[in-house]
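Residue numbers start at 1 and run along the sequence shown.
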Amino acid sequence: MSDLEEIEASVSHQRAAPKKEFDSWSAIALGAITTNSAIGILLTFANTVTYGGSPLLLYGYPVISIISLGAATSLGELTSAYPDAGGQYIWVARLAPRKIYRFFSYITAIFSWAGAVCTGASVCLVGAELILDLVEFFNPHFHIEPWMVFLGYQAINIFTLIPSFYGKLLGKVTKGLMGFTALLLIGLLVTLFAAAKNRRPAHDFFTVFHNVSGWSDGMAVLVGANSLQWCYCCLDSMVHIADEIPNPRRNIPRALVWSIIIGFVSGMICMCAYMSATDDYNTGYYSLTITFQVLEQNQGAAIVIQVLVFFSCIGALWGIHVWQSRLAWTIGYNHGFPFGKYLEQIAGPPYGTPIYALIFSSFSIALLGCLYLGSSTAFNSMVSACLLFQWLSYSIPVVFLHIHGRSKIPHGEFWFPKLGYVANALLVLWTSISLVIYCFPYTLPVEAGNMNYVSPVLGGVTFLSALCWILYGRKHFRIPEVDGFVETIDAVTPGVETKQESHFKK
């Protein structure tokens, strides 16, 4: 063992960790249910078709899938080299120059956790709206009030949190949810293909560009692609179970790649089924409306399908609770939060999970729900920024990987000497594009109702992260396996540089 490996082994034995309840298949299932790409397609129809219609979905989705595969490959390479439940911010600490590694590691940690919490908030909102939209659709006299959405949001948050306390359920439930979603999609596809009578002509499906956003066609494609990104959010959820799965160097990269493959295949089939089932853009392309029309206005069948989609949607929140709590847990034992001594605790039987970290992250989602009561616009901007937080947290360690030198890190089983450069470049390039395009107004002309406030949210969170670093993190945030190695380096006689010191400095 090298000095660094000995320090890592010592630290890993000292800290409490959940039991290894995941295996290769349950890790793949976790990725499949949290990204939930096919259901993501259903939920983004109404937003996406206004920027290009079926051609945008048909050609844009494979492009986004390739970009997401680049992100998954980049995350897989780093996980294979440095498996750690902290994921991105641990990689930054290992790869960034010595003088700045703690600061950038801390900022990346906050971005990662904020992205997970905001994603959880978005799923809670979507789940509440799915049920309320169903009531409103079949009862024209019913009007959805913000307080109704708020109560549904909080109920879904609590309903999915409590089972997450039980570690032994995690692997079984993720596999069960993946199977449930697969059966739901098969049922939907068979129903839509069999029942649809007014199918979209092939010429329209493949070539007719439908842009009513006010943007030029080129800009509409870029702005509309943002909606498709939701189909691959939560990619790093698998990275943060590194302490809960055997051989994470192999199993986590495998789960990352399979989540993209499953998402692409299921998403493309689902998209083709829905987009070809009707030629009426006046439906707004909400999945409920299309289903109701295709099934010849069969109210019972439409309700059943909407409820099943609802359960698949909130099933994703189970995986999101695992994701955000493991991040909070690792940040806690590295003293990134003032109450880290509680967050780092692993509850005993029958739980075996970081319960305080679960409650803390779920409570943060509940607080964001209160923001919805004050301003739905502010809330939507906050949760929309979650994609940017995720992409930033993926790109920062990749940038430092290239500053450090790809060839100078210990390669794991999952490593691509040439293809890795392409994957890294796709990830960083798309992050740069998203930071600009995702802040543009959704439609033209710009009005208060369609203004995009993501850029102020991103700036505000960045400012608060820097402020937290100054007031707390600068004094308390420590990463034992890295900080211990730095102390070892500092103890070396001046002028005598070890192999490990040279490796770290670069």
Flag the pair L132 / F142 as yes when at least one side-chain heavy-atom distance between them is below 4.5 Å, and no otherwise.
yes
Looking only at the aromatic ring of each residue, does the gap between the centers of H402 and Y421 stay below 6.0 angstrom?
yes
Could you pull out all residues at least two apart from F150 that satisfy ring pair (Phe, Tyr, Trp, His ring centres under 6.0 Å)?
none
Quick test of your reading: applying side-chain hydrogen bond (donor to acceptor under 3.5 Å, both in side chains), list the pairs with at least one residue in residues 454-464, sequence neighbours left out, ordered by first then second residue.
none
According to ring pair (Phe, Tyr, Trp, His ring centres under 6.0 Å), who are the partners of W113, at least two apart in sequence or on a separate chain?
F337, F360
Taking atom CZ of F363 as the centre, does the number of heavy atoms from other residues, nucleotides or ligands within less than 6.0 Å exceed 12?
no
Examine the side chains of T119 and Q390 and answer whether a donor and an acceptor come within less than 3.5 Å of each other.
yes
Would you indicate whether the side-chain heavy atoms of M178 and T174 approach each other to under 4.5 Å?
no
Quick one: does F159's side chain get under 4.5 Å of L317's, heavy atoms only?
no
Could you tell me which residues satisfy side-chain hydrogen bond (donor to acceptor under 3.5 Å, both in side chains) with S393, sequence neighbours excluded, listed by chain and number?
Q88
Is the ring pair F104/F400 parallel, tilted or perpendicular, if the boundaries are 30 and 60 degrees?
perpendicular
Which residues share a salt bridge (charged side-chain N to carboxylate O under 4.0 Å, His left out) with R474, sequence neighbours left out
none
Do L134 and V307 have side chains that get closer than 4.5 Å, going by heavy atoms?
yes
Counting only N and O atoms by type, is there a donor-acceptor contact under 3.5 Å from the side chain of W469 to the main-chain atoms of R102?
no
Backbone N/O of S312 and side chain of N36: donor-acceptor pair under 3.5 Å
yes
Run the ring pair (Phe, Tyr, Trp, His ring centres under 6.0 Å) test against F165 and tell me which residues pass, sequence neighbours left out.
none
I'd like to know if the side chain of Q154 reaches the main chain of A366, judged simply by a donor and an acceptor atom lying under 3.5 Å from each other, with no hydrogens or angles considered.
yes
Working for side chain to side chain contact (heavy atoms under 4.5 Å, CB included), residues W323 and L30:
CA-CA 10 Å; W323 172 28; L30 177 66; over 6 Å; no
Please identify each residue that fulfils ring pair (Phe, Tyr, Trp, His ring centres under 6.0 Å) with Y438, with sequence neighbours left out.
none
Mark yes when over 12 heavy atoms from residues, nucleotides or ligands other than F463 sit less than 6.0 Å from its CZ; otherwise mark no.
no
Short question: side chain of S37, backbone of C231 - any donor-acceptor pair under 3.5 Å?
yes
Would you confirm whether Y342, through its side chain, and G332, through its main-chain N or O, come within 3.5 Å as a donor-acceptor pair?
no
Quick check: does any side chain N or O of S362 sit under 3.5 Å from a backbone N or O of L358, one acting as donor and the other as acceptor?
no
In chain order, what residues pass the side-chain hydrogen bond (donor to acceptor under 3.5 Å, both in side chains) check against S384, with sequence neighbours excluded?
none
Decide side chain to side chain contact (heavy atoms under 4.5 Å, CB included) for I144 and D133; before the verdict, give the C-alpha distance in whole Å, the side-chain angles of both, and the deciding distance to 0.1 Å.
CA-CA 8 Å; I144 300 176; D133 286 343; 3.5 Å; yes
Does atom OH (Y59) have a neighbourhood of more than 12 heavy atoms from anything else shown, all under 6.0 Å?
yes
Please tell me whether S259 and T35 have a donor and an acceptor in their side chains that are separated by less than 3.5 angstrom.
no
Y61: which residues meet the side-chain hydrogen bond (donor to acceptor under 3.5 Å, both in side chains) condition with it, sequence neighbours left out?
Y232
Determine whether a donor-acceptor pair (N or O, by modelled atom type, separation under 3.5 Å) exists between the side chain of W91 and the backbone of Y82.
yes
Between H476 and Y472, is the ring centroid distance below 6.0 Å?
yes
Would you list the pairs meeting salt bridge (charged side-chain N to carboxylate O under 4.0 Å, His left out) in which at least one residue belongs to residues 308-330, sequence neighbours left out?
E244-R326
Are the aromatic ring centres of F414 and F416 under 6.0 angstrom apart?
yes
So, the side chain of S381 versus the backbone of T377: is there a donor-acceptor pair under 3.5 Å, distance only?
yes
What verdict does the side chain to side chain contact (heavy atoms under 4.5 Å, CB included) test give for V422 and T73, after you've listed the backbone C-alpha separation in whole Å, the side-chain angles of each residue and the deciding distance to 0.1 Å?
CA-CA 10 Å; V422 178; T73 301; over 6 Å; no
Using the side chain to side chain contact (heavy atoms under 4.5 Å, CB included) definition, which of the options V212, V223, T443 pairs with T50?
V212
Salt bridge (charged side-chain N to carboxylate O under 4.0 Å, His left out) contacts in which one or both residues fall within residues 62-82, not counting sequence neighbours
E77-R406
Can you list every side-chain hydrogen bond (donor to acceptor under 3.5 Å, both in side chains) pair that touches residues 216-229, not counting sequence neighbours?
N211-D217, N226-Q229, Q229-W391, Q229-W430
Which of these, T108, D84, T330, sits in a side-chain hydrogen bond (donor to acceptor under 3.5 Å, both in side chains) with Y89?
T330
Centre-to-centre under 6.0 Å for Y372 and Y153, is that the case here?
no
Using a 4.5 Å cut-off on heavy atoms from C-beta on, say whether the side chain of L387 contacts that of W230.
yes
